[in-house]
Amino acid sequence: MIELKNLSIKYIKDYYSLYNINYTIDKNTLILGDKDDGAFALFRILSKIDTHYTGDVIIDENNLKIIKDKNLEITYVTEIPYLFEHRSIFYNLYYPLKIRKINKSNAKTYIDDVLNRYNLKNFPEKISKMNLSQKKIITLLRSLVRPCKYVLIENLFTELDADYYNLAINILKEIELRSIIVASEVDIKLIKNYNNYTSLYLDNGSIKKE
């Protein structure tokens, strides 16, 4: 469970990106609102990128401020894919496991199984040859290969080619089996891709009543 208590953050002096947010996340949740409405700021706080906030974030009864990075059970799938452009699909999927000293042979067996199940044979082998949608899929798969209790997914379906929707939805369903997903989207029409998610509407840094 993630508890947000009087959570606020500013990036510029006279504007709150989040203002006095009190909310509990204990199930799959979809945050709706423009990028400047607060989802981006919330994800950066939860992933410990930004620490200059006021209030508290409690994750499974532990204050985020004292959770060590290596013990943070959160994966962040950013809207813009950050991948090793000149490396292979396998390297990009294995890297989060490599830095945690997971046995390469065991990891390869699991990664190969994932790639076969989702039939990525039509994807270029190198990331640099992929289009944006394919890169988004690889980034999403990386959060599946290295499971965490919480997965933050930022605007997955924004600029994702419709041909990849079913693939992305199927990967989401598998992630849901082991993790609580906190997703964001700007376009309310995309809510149909998040079945049975609780909706949280943000507007100018505050929770908007439906």
Side-chain angles (χ1 to χ4, degrees), residues 2 25-32 39-40 42-43 46-47 72-85 87-100 102 104 106-200:
I2 299 174
I25 298 170
D26 58 4
K27 58 178 71 70
N28 296 328
T29 301
L30 176 63
I31 303 172
L32 291 161
F40 177 74
L42 178 59
F43 284 178
L46 292 176
S47 56
L72 185 62
E73 277 288 306
I74 288 179
T75 299
Y76 183 12
V77 180
T78 55
E79 178 179 356
I80 299 172
Y82 290 99
L83 298 164
F84 295 98
E85 287 283 326
R87 302 302 292 264
S88 66
I89 293 175
F90 174 81
Y91 183 88
N92 276 274
L93 295 181
Y94 175 55
Y95 183 76
L97 304 179
K98 177 183 178 181
I99 61 176
R100 291 168 178 84
I102 303 299
K104 186 174 183 179
N106 293 339
K108 185 177 188 306
T109 299
Y110 178 65
I111 291 171
D112 286 346
D113 177 62
V114 168
L115 295 177
N116 288 333
R117 279 192 284 117
Y118 289 106
N119 192 25
L120 302 187
K121 294 177 181 177
N122 62 328
F123 278 43
E125 179 58 24
K126 284 193 176 180
I127 303 300
S128 59
K129 303 294 185 181
M130 293 183 183
N131 59 40
L132 176 61
S133 293
Q134 291 168 333
K135 290 179 181 179
K136 278 178 169 272
I137 293 296
I138 297 302
T139 308
L140 185 63
L141 277 177
R142 194 159 59 180
S143 71
L144 175 63
V145 169
R146 188 236 161 182
C148 282
K149 184 170 182 179
Y150 304 98
V151 179
L152 314 177
I153 302 178
E154 182 180 52
N155 301 338
L156 173 63
F157 290 92
T158 299
E159 296 188 44
L160 185 73
D161 192 293
D163 291 342
Y164 293 89
Y165 274 24
N166 287 338
L167 177 57
I169 290 168
N170 286 335
I171 296 170
L172 285 177
K173 287 179 180 177
E174 185 170 353
I175 295 172
E176 290 166 11
L177 296 176
R178 293 181 289 180
S179 306
I180 292 174
I181 294 176
V182 185
S184 70
E185 290 291 353
V186 173
D187 188 349
I188 195 170
K189 295 177 183 177
L190 296 173
I191 195 171
K192 65 181 182 296
N193 296 318
Y194 298 90
N195 191 32
N196 297 322
Y197 281 50
T198 295
S199 295
L200 171 63

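Residue I171 holds its CD1 atom at 4.5 Å from CD1 of I137, rounded to the nearest 0.5 Å. In this structure, the separation between CG on N119 and CG on N122 is 6.5 Å, given to the nearest 0.5 Å. Atom CG of residue N92 and atom OG1 of residue T139 lie 8.0 Å apart, to the nearest 0.5 angstrom. The line from CE of M130 to CD of E85 is 9.5 Å long, rounded to the nearest 0.5 Å. We find the NZ-CD1 distance between K149 and I2 to be 9.0 Å, quoted to the nearest 0.5 Å. A distance of 12.0 Å separates NZ of K108 from CG of L93, quoted to the nearest 0.5 Å.
More than 12 non-hydrogen atoms from other residues, nucleotides or ligands lie less than 6.0 angstrom from CG of L132. Shown here is K192, whose NZ atom has more than 12 heavy atoms of other residues, nucleotides or ligands within 6.0 Å. Within 6.0 Å of atom OH in Y165, more than 12 heavy atoms from other residues, nucleotides or ligands are found, so the atom counts as buried in its surroundings.
When atom types are taken as modelled, the side chain of T29 and the backbone of K27 share a donor-acceptor pair closer than 3.5 angstrom. The backbone N or O of D112 sits less than 3.5 Å from a side-chain atom of N116, completing a donor-acceptor pair. In this structure, the side chain of S133 engages the main chain of D161 through a donor-acceptor pair within 3.5 Å.
For the side chain to side chain contact (heavy atoms under 4.5 Å, CB included) criterion with S143, the lone passing option out of L140, L141, V145 is L140.
A heavy-atom distance below 4.5 Å is found between the side chains of Y164 and Q134. Taking the side chain as every heavy atom from C-beta outward, I169 and F157 approach each other to under 4.5 Å. Looking only at side-chain heavy atoms (C-beta outward), N195 and L172 stay at 4.5 Å or farther from each other. Considering only heavy atoms from C-beta on, I89 comes within 4.5 Å of L115 through its side chain.
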Note to self: Could you go through I31 and F43, starting from their C-alpha distance and side-chain angles, then the distance that decides it, and tell me whether this counts as side-chain contact (heavy atoms from CB on, under 4.5 Å)?
What the structure shows: CA-CA 11 Å; I31 303 172; F43 284 178; 4.1 Å; yes
Notebook entry, point to check: Does the side-chain contact (heavy atoms from CB on, under 4.5 Å) test come out yes or no for L200 and I25, once each step is laid out?
Noted result: CA-CA 10 Å; L200 171 63; I25 298 170; 5.7 Å; no
Margin query: side-chain contact (heavy atoms from CB on, under 4.5 Å), that's the test. Do V151 and V182 meet it? Break it down for me.
Written below: CA-CA 6 Å; V151 179; V182 185; over 6 Å; no
Margin query: Would I111 and F90 count as a side-chain contact (heavy atoms from CB on, under 4.5 Å) here? Give the steps.
Written below: CA-CA 7 Å; I111 291 171; F90 174 81; 3.8 Å; yes
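No salt bridge links K136 with E159; every basic N to acidic carboxylate O contact stays at or beyond 4.0 Å.
Side-chain polar atoms of E185 and T158 form a donor-acceptor pair below 3.5 angstrom. Side-chain contact, Y76 with E154: a donor N or O sits under 3.5 Å from an acceptor N or O.
Residues passing the side chain to side chain contact (heavy atoms under 4.5 Å, CB included) test with A183, sequence neighbours excluded: L30, I153, I181, Y194. By the side chain to side chain contact (heavy atoms under 4.5 Å, CB included) test, P96 pairs with R100, R142, R146, sequence neighbours left out.
Across every non-hydrogen atom of Y118 and L167, the tightest pair is CD2-CD1, 3.7 Å. For the pair L156 and A168, the tightest heavy-atom approach, listed with the atom from each and the gap, is CD2-CB, 4.1 Å.
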